[in-house]
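The structure appears below as structure tokens.
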Amino acid sequence: MNDPGEAQFPPFPNSRATAENRLRTFLPGAARYAAHRNRVAPGHDGVSRLSPALRHRLILEEEVVAEVLSRHRFQAAEKFLQEVHWRTYWKGWLEFRPQVWRDYVRKIATWTTTAPGPLLERVEAVCRGTSGVAILDRFTRELIETGYLHNHARMWWAGYWIHVERLPWELGADFFHRHLLDADPASNTLGWRWVAGLQTPGKTYLPRRSNLERYCDPGWLADDTGLERLEDDVVEPARVEDTASVEIHSLPKYSTSPASPPGRFGFWLHEDDATLEIGAFRDWQPCAIAVGSTMTSGPFSSLGRQRRIHLSRVLCDGGDRAARHFRCPVDVLASGALAESLGNWALEHQLQEVVGYAPFVGPGSDAVSEVRETLSARGIRWTPVQRQWDAELFPFARAGFFPYWARICKRLGTGEDQERQLPGF
Ligand SMILES: Cc1cc2nc3c(=O)[nH]c(=O)nc-3n(C[C@H](O)[C@H](O)[C@H](O)COP(=O)(O)OP(=O)(O)OC[C@H]3O[C@@H](n4cnc5c(N)ncnc54)[C@H](O)[C@@H]3O)c2cc1C
């Protein structure tokens, strides 16, 4: 398959092999993670850098958790385990409240078309890395050039955008979503809402000079231009209005272990889950596999260069592994109208059914109704399947992280089912 990512050595995992390698390298450090995770320094050695792989399920959360627990006692690696479970928590939280995603998408369109010119000019300036605060501009360049930012840098950056620049959080989140290799509709949207004070009302995240000086590499702060705007007694929380309802809806119901279809069927592999060969489908025999992204058309199609390359490499890798495992043809769908391409591909292979992992709330779930209708118009059934991990854990994410984590502890058999201090990001 054509691989535009091949030319450059990827510093972040963009295939299952590089993800396994990254996990192996990081594993001994999982016990040191709690002490080092907040430090923002060249190389980002204190954190796993697994998110560009976990986001696309090149490697699964359950695999990472199992590997960590095979090497460390729960208590030693608890902080890292908690963080991995934050990903699932945010996904479950958003599955319960898909309207929060829809409201976010609507607000991006509204801001982009109706915001006053000077506001949009300031948005542009900050996104170009010309905010005038040297350290923030350094992070902007890092994001654009590498597609990654340390969690602490994401919090400072988002906090600066919201509480110092007083810009609409949705436009900042959209900028992240276009550039981060791990861009995830749940972690990103809800991470931004958390910094804005919308997830835990009354609790905002303020970017403060003292915090930057404590955790950021001194070399990166050598140029302190503009840092006076982040003085502890200068930054005040912005009042951000929540326009989304956080009412809880029931979770969509999917099968987790369906029987292999009796007729001709194929798989659809997309960016929300690039590992078809591990899980419910392992022993199935599809006639064909289609690789098709939900991000190549629509409002999220204009992606940053690194993100585009990463996405393409992830899908190539998922397709290659699926081709080897299932020994059937794999077609990479042309970018553009996904539903139409998928429908034509299914007809070409005379399929009666297309099966795949159900995309999550975000561009994936937005694309699904059109996919279902287009297939149905051709007499072909769309069957979404859910991983057992999601089916088990998403229901725990109805409320706050506290009770969720208590249930996870019980599930992991740690005996730590009492509520503990709320873990921060
Ligand atoms: C404003 C903002 C936007 C964010 N946008 C995204 C995003 O689009 N995609 C994304 O994957 N993460 C996002 N995060 C969460 C977090 O910053 C990244 O997951 C983390 O920095 C990834 O780097 P790592 O793999 O080295 O993490 P590590 O520190 O090594 O953590 C291990 C794993 O735990 C999970 N994790 C860690 N922190 C979080 C968190 N706060 N929320 C959810 N999962 C977490 C990730 O899967 C990560 O790979 C965002 C956070 C903020 C504050």
Side-chain angles (χ1 to χ4, degrees), residues 11-13 19 22-23 25-27 29-30 32-41 43-65 67-68 77-94 101 104 139 142-143 146-163 169-199 204-207 271-272 300 303-304 307 310 360 362-363 397 401 404-405 422-425:
F12 297 100
R22 181 90 280 284
L23 177 60
T25 310
F26 171 74
L27 215 48
R32 292 189 296 275
Y33 176 80
H36 296 286
R37 61 184 284 268
N38 277 323
R39 184 116 201 88
V40 183
H44 304 301
D45 286 339
V47 289
S48 72
R49 288 168 277 142
L50 277 168
S51 59
L54 277 167
R55 152 65 180 103
H56 298 293
R57 289 204 160 148
L58 290 172
I59 194 163
L60 310 175
E61 292 99 307
E62 61 209 88
E63 294 180 293
V64 172
V65 168
E67 282 295 319
V68 170
E78 178 174 1
K79 191 71 205 163
F80 181 71
L81 294 168
Q82 238 170 30
E83 293 304 325
V84 174
H85 281 90
W86 264 106
R87 167 178 299 284
T88 313
Y89 171 73
W90 280 144
K91 280 163 96 168
W93 193 96
L94 200 59
W101 167 257
Y104 158 70
F139 289 141
E142 182 179 359
L143 173 59
T146 71
Y148 181 84
L149 273 188
H150 185 284
N151 180 58
H152 219 147
R154 295 182 201 206
M155 297 196 310
W156 290 325
W157 205 97
Y160 170 77
W161 180 279
I162 296 168
H163 303 295
W169 71 267
E170 295 90 345
L171 296 183
D174 185 44
F175 176 64
F176 267 28
H177 198 251
R178 289 172 199 279
H179 288 278
L180 285 169
L181 305 184
D182 62 25
D184 179 282
S187 291
N188 188 53
T189 313
L190 303 178
W192 274 83
R193 283 176 54 88
W194 182 81
V195 172
L198 300 174
Q199 284 304 111
T204 48
Y205 181 83
L206 300 181
E271 65 266 32
D272 279 357
F300 297 101
L303 304 178
R307 170 95 196 274
H310 182 73
F360 302 107
F401 190 85
Y404 166 84
W405 183 242
L422 180 65
F425 282 122

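One-based numbering, in listed order, for ligands and for the atoms of each. Keep in mind the model is a prediction, meaning the values are calculated, not measured.
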>> One pair to check against salt bridge (charged side-chain N to carboxylate O under 4.0 Å, His left out): R87 and D184. What are the steps and the verdict?
In response: CA-CA 9 Å; R87 167 178 299 284; D184 179 282; 3.5 Å; yes
>> Quick one, W93 with Y404, criterion ring pair (Phe, Tyr, Trp, His ring centres under 6.0 Å). Give me CA distance, side-chain angles, the key distance, then yes/no.
In response: CA-CA 10 Å; W93 193 96; Y404 166 84; over 10 Å; no
> Could you walk me through whether W90 and T189 pass the side chain to side chain contact (heavy atoms under 4.5 Å, CB included) check?
Replying inline: CA-CA 9 Å; W90 280 144; T189 313; over 6 Å; no
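Of all atoms in ligand 1, listed by their number and element, those nearer than 4.0 Å to a heavy atom of M155 are 53 (C). The ligand atoms of ligand 1 that sit less than 4.0 angstrom from a heavy atom of V47 are 26 (O), 29 (O), 30 (O). Ligand 1 places these atoms under 4.0 Å from at least one heavy atom of D182: 7 (C), 8 (O), 9 (N), 10 (C), 11 (O), 22 (C). Residue A183 has at least one heavy-atom neighbour below 4.0 Å for each of these atoms of ligand 1: 8 (O).
Polar contact with ligand 1: present for D184 (N/O pair, distance under 3.5 Å). Between L50 and ligand 1, at least one N/O pair is under 3.5 Å apart. Some N or O of S51 is nearer than 3.5 Å to an N or O of ligand 1, by distance alone.
Aromatic ring pairs are classed by plane angle as parallel below 30°, tilted from 30° to 60° and perpendicular above 60°; the pair H56 and H310 is tilted. W192 and W157 have perpendicular rings, their planes meeting at more than 60° on a 0 to 90° scale where under 30° would count as parallel. Ring geometry, F401 versus W405: the interplanar angle falls under 30°, so the pair is classed parallel (tilted spans 30 to 60°). Between F80 and F26, the ring planes lie tilted relative to each other; the angle falls in the 30° to 60° range.
Ligand 1 lies within reach of F80, whose nearest heavy atom is under 4.0 Å from it. Using a non-hydrogen distance threshold of 4.0 Å, R37 does not register as a contact of ligand 1. Distances from ligand 1 to the non-hydrogen atoms of R55 include no value under 4.0 Å. Residue contacts with ligand 1 include Y148, since one or more of its heavy atoms lies under 4.0 Å from the ligand.
Residues W169 and Y104 bring their aromatic ring centres within 6.0 Å. Aromatic rings from Y148 and H44 are positioned such that their centres are separated by under 6.0 Å.
Residues that satisfy the salt bridge (charged side-chain N to carboxylate O under 4.0 Å, His left out) test with E67, not counting sequence neighbours, are absent from this structure. Under the salt bridge (charged side-chain N to carboxylate O under 4.0 Å, His left out) criterion, E142 pairs with R138, not counting sequence neighbours.
When non-hydrogen atoms are compared, ligand 1 lies under 4.0 Å from the backbone of R87 as well as from its side chain. At a heavy-atom distance under 4.0 Å, only side-chain atoms of Y33, from C-beta outward, approach ligand 1. Contacts between Y89 and ligand 1 below 4.0 angstrom, taking non-hydrogen atoms only, are absent altogether. Of the heavy atoms in L54, only side-chain atoms (C-beta onward) come closer than 4.0 Å to ligand 1. With a 4.0 Å heavy-atom cut-off, ligand 1 is reached by the backbone of N151 and by its side chain too.
Comparing W161, Y205, W194, W192 against atom 1 (C) of ligand 1, the shortest heavy-atom distance belongs to W192. Here atom 36 (N) of ligand 1 lies nearest to E83 when heavy atoms of H56, Q82, E83 are compared.
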